[in-house]
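Remarks on the structure that follows.
The model shown is predicted, which means the values in this text are computed figures rather than measured ones.
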Amino acid sequence: MSNPSLEQQQLINAIIKKALEKKKNENVIDEDALNSTLESICEVTGISREEAEEIANEVIEKHKNTSKFSESPESPESPESPESPEPSESSKFSKWSWFFGVWCIASSISAFSQTFLVALCYLAMACFLLPPVREFVYTKTGKQISSKARGAAIFVLFVMSGVFLTAVDEKKAQDLAVEKAKKQVEAVEQIR
C-alpha cells in the first residue's frame, strides 16, 4: 500500500471527524453512508478503495480508543479534540480575527520605522489571528493551538510590543535631552 500524502490524510481525517461529530454516537453505523463516504474519499483523493478503508478503520479505531465519546457532552476539551477554530467557527469571531489580524499587519508595517522588535511582535500577533495562517500551520505541522493559548500568546506579544515601544520612546527622549544639552553647551561656549 502506498502512503497517502499528508494532505490526503488530513482530508480523510476531516471527513471522518465531521461524520463522527454529526452522529455523536459511535455505535450507530450506517453501512450505505459509510460506503458512500469511502467512495467519495476515493474519488477526491485518487486512492484505492482498500487504502481508503484502511485509513478509515485506523481513524475509527483511534476515535474508539480515545475517551472522546465516553465523556459527557458538557466537557468541551478532550485529548483528541482540536482546539483551534475550524471552518465551523462562528463568523462573528472570524470577522474579528480578520479585522485584528489585518490591523496587526498594518501596525507591523508602520512599526518597522521605529523598531524591528515591535514589528515582529505585531507580525506574530497577526499570524495567531489570521485564519489562513493558522490553517497553513496546521496543514504543515498537524498541530492546532487552542484558543486560550492563542489568546495568551497574543496578550504576551502585545505587552512585549508595549515594553519595546516604551524602551524606544525612552531612548528617543534621552537622545533628545542629550542633543538639547549639547546645544546649550555650544551656546554657552559661544557666549564666552
Side-chain angles (χ1 to χ4, degrees), residues 3-14 17-18 21 62 66-68 71 73-192:
N3 239 351
S5 72
L6 178 62
E7 186 175 282
Q8 290 174 342
Q9 183 69 38
Q10 289 172 343
L11 176 64
I12 292 167
N13 287 346
K17 179 181 170 228
K18 288 290 183 185
E21 285 176 358
K62 178 180 167 186
T66 64
S67 60
K68 179 175 183 172
E71 291 181 1
E74 294 80 34
S75 174
E77 294 181 11
S78 67
E80 288 296 315
S81 69
E83 297 178 8
S84 75
E86 303 247 327
S88 64
E89 176 184 39
S90 75
S91 62
K92 176 183 172 184
F93 293 117
S94 182
K95 288 177 184 175
W96 284 110
S97 193
W98 274 102
F99 174 77
F100 285 113
V102 171
W103 178 81
C104 284
I105 288 176
S107 298
S108 175
I109 292 169
S110 68
F112 271 112
S113 64
Q114 293 181 350
T115 177
F116 183 70
L117 291 175
V118 173
L120 282 180
C121 287
Y122 280 119
L123 191 59
M125 284 190 285
C127 289
F128 280 113
L129 286 166
L130 293 172
V133 176
R134 293 193 316 255
E135 183 65 27
F136 176 77
V137 169
Y138 172 72
T139 58
K140 293 299 179 188
T141 65
K143 296 181 182 180
Q144 295 178 333
I145 302 172
S146 71
S147 298
K148 291 178 183 177
R150 279 195 334 266
I154 291 168
F155 177 75
V156 167
L157 288 166
F158 188 73
V159 169
M160 286 174 51
S161 68
V163 168
F164 293 142
L165 273 176
T166 303
V168 167
D169 289 343
E170 287 175 0
K171 177 141 176 44
K172 284 182 182 179
Q174 285 177 347
D175 291 344
L176 187 60
V178 167
E179 188 68 34
K180 188 175 180 181
K182 283 182 183 179
K183 285 183 182 179
Q184 287 177 348
V185 168
E186 287 176 5
V188 169
E189 287 179 2
Q190 285 179 355
I191 294 175
R192 289 188 193 181

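In this structure the side chain of Pro132 reaches within 4.5 angstrom of the side chain of Trp98, judged on heavy atoms.
Residue Lys180 holds its NZ atom at 14.5 Å from CG of Asp175, rounded to the nearest 0.5 Å. Within the model, atoms CG of Leu123 and CZ of Phe116 stand 9.0 Å from one another, a figure rounded to the nearest 0.5 Å. From Leu120, atom CG reaches atom SG of Cys127 across 10.0 Å, with rounding to the nearest 0.5 Å. Considering CD of Gln144 and CZ of Arg150, their distance stands at 9.5 Å, rounded to 0.5 Å. Rounded to the nearest 0.5 Å, atoms CH2 (Trp103) and CD1 (Ile105) are 12.0 Å apart. Atom CZ in Phe112 sits 10.5 Å away from atom CG in Leu117 (nearest 0.5 Å).
Minimum interatomic distance between Ala149 and Ile145 (heavy atoms only, all atoms of both residues): CB-CG2, 3.6 Å. Listed here is the closest heavy atom pair of Ile154 and Met125: O-SD, 3.6 Å. When every heavy atom of Val118 is checked against every heavy atom of Thr115, the shortest pair comes out as CG2-CG2, 2.9 Å. Residues Gly101 and Leu130 share a closest heavy-atom pair of CA-CD2, 3.7 Å.
Although no hydrogens or angles enter the test, the distance criterion places no donor-acceptor pair under 3.5 Å between the side chain of Ser108 and the main chain of Cys104.
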